[in-house]
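Numbering of residues begins at 1 and proceeds along the displayed sequence. As the structure lists them, so they are numbered: ligands from 1, and atoms in each ligand from 1.
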Amino acid sequence: MRPLKHLFGIADLDREQIEYLVNLGHSFIDINRRSLKKAPTLRGKTIINLFFENSTRTRTSFELAGKRLSGDVINISASTSATTKGESLLDTAQTLAAMQPHVLVIRHSLAGTCELLADYLPHTALVNAGDGAHEHPTQILTDLLTLKQAWGSPEGKVITIVGDIAHSRVARSHLLAAKKLGYTMRVVAPKTLLPSKIERYGCEVYNDFDAALPGSDAVYLLRIQTERLTDSCAFPSIREYHEAYGLNAKRLRAAGPDCIVMHPGPMNRGVEIATEVADSAKSHILSQVEHGVAVRMAVLTTLCGGTGEEA
Ligand code: CP
């Protein structure tokens, strides 16, 4: 396999690397389910989580992943760091890198943050934990592990992704992964929440959710990213958005009996997803959360030069 120095995005990974990380993540699931959740894989390794945007799932799972593999993990939030005193992103990152961590995990609103910093931090592996509306590679690896558990392989399947595609790094990373792994993405949104030229990713594009449902193997919901929304007229109201683009039990039935439901979180019940669907047996949302820890164990292990054999 081509060695991995950083994890910037799905765009930089080839099929072999994606499958390697998903399979390694698969091998870590059992450690997380044991009563004694500890393996020596990252002993002596230091991981710093540097988050400039809020997070529940990604930050916690990177922390658990590092700690369960015996690494030393430090968490830093922008709100409690010296960035509040005017320190730049580059100075903050160089300061942390001077403390010799092996891995710096970064979430930032700026697309391309990790690529930008990489030239200045030659001795630190960088992981993109979400950069603006650009990419969220570990979320997609998490989803692929969930699909591996559900289907064996996503190849030939149809995933219908619905919601705020324009601001979604998850959607963009999935579109890139679909091409590499041979699954179809159906993209569903009002025109105001679709990026221009989305067809260039080779996806099917719908404005009508009901038309996209038949033949879907999975429906993947996205929240409306109000923090990135500049157009207050993107849709008329939450109620009307839910009526047109919310997944309820009736719509899920229209997709077919084997269709599964996914969401990267955080979800807004009553907006993009009805509670009856979120809590149904078709929902794999909490499996995605569980697999997030295993996949991040795989990413940290690989970037620290391990193979997972130690675990
Ligand atoms: N899916 C995801 O990135 O969730 P958080 O924002 O809670 O990390």
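Contact annotation: for Glu53 versus ligand 1, there are no heavy atoms closer than 4.0 Å. When heavy-atom distances to ligand 1 are checked against a 4.0 Å cut-off, Arg107 comes that close only through its side chain, counted from C-beta outward.
The shortest N or O to N or O distance between Pro264 and ligand 1 is under 3.5 Å. In terms of N/O distances under 3.5 Å, ligand 1 is not approached by Arg59.
Ligand-side atoms of ligand 1 in range of Thr56: 5 (P), 7 (O), 8 (O), range being under 4.0 angstrom from any heavy atom.
Counting non-hydrogen atoms of other residues, nucleotides and ligands closer than 6.0 Å to NZ of Lys5 gives a total above 12.
With values rounded to the nearest 0.5 angstrom, Ile48 atom CD1 is found 11.0 Å from Leu126 atom CG. Considering CZ of Arg296 and OG1 of Thr301, their distance stands at 13.5 Å, rounded to 0.5 Å.
Looking at Glu272 and Arg223, no side-chain N of the basic residue comes within less than 4.0 Å of a carboxylate O on the acidic one, giving no salt bridge. Salt-bridge check for Glu155 with Lys179: failed, with every basic side-chain N at 4.0 Å or more from each acidic carboxylate O.
For atom 4 (O) of ligand 1, the closest non-hydrogen atom of the protein is Arg57 NE, 3.0 Å.
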Can you check side chain to side chain contact (heavy atoms under 4.5 Å, CB included) on Lys282 and Val277, steps first, answer last?
CA-CA 7 Å; Lys282 299 286 185 70; Val277 171; over 6 Å; no

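Using a 4.0 Å cutoff on heavy atoms, Gly265 counts as a contact of ligand 1.
Looking at Thr58, Asp143, Thr142 and measuring to atom 2 (C) of ligand 1, the nearest heavy atom belongs to Thr58.
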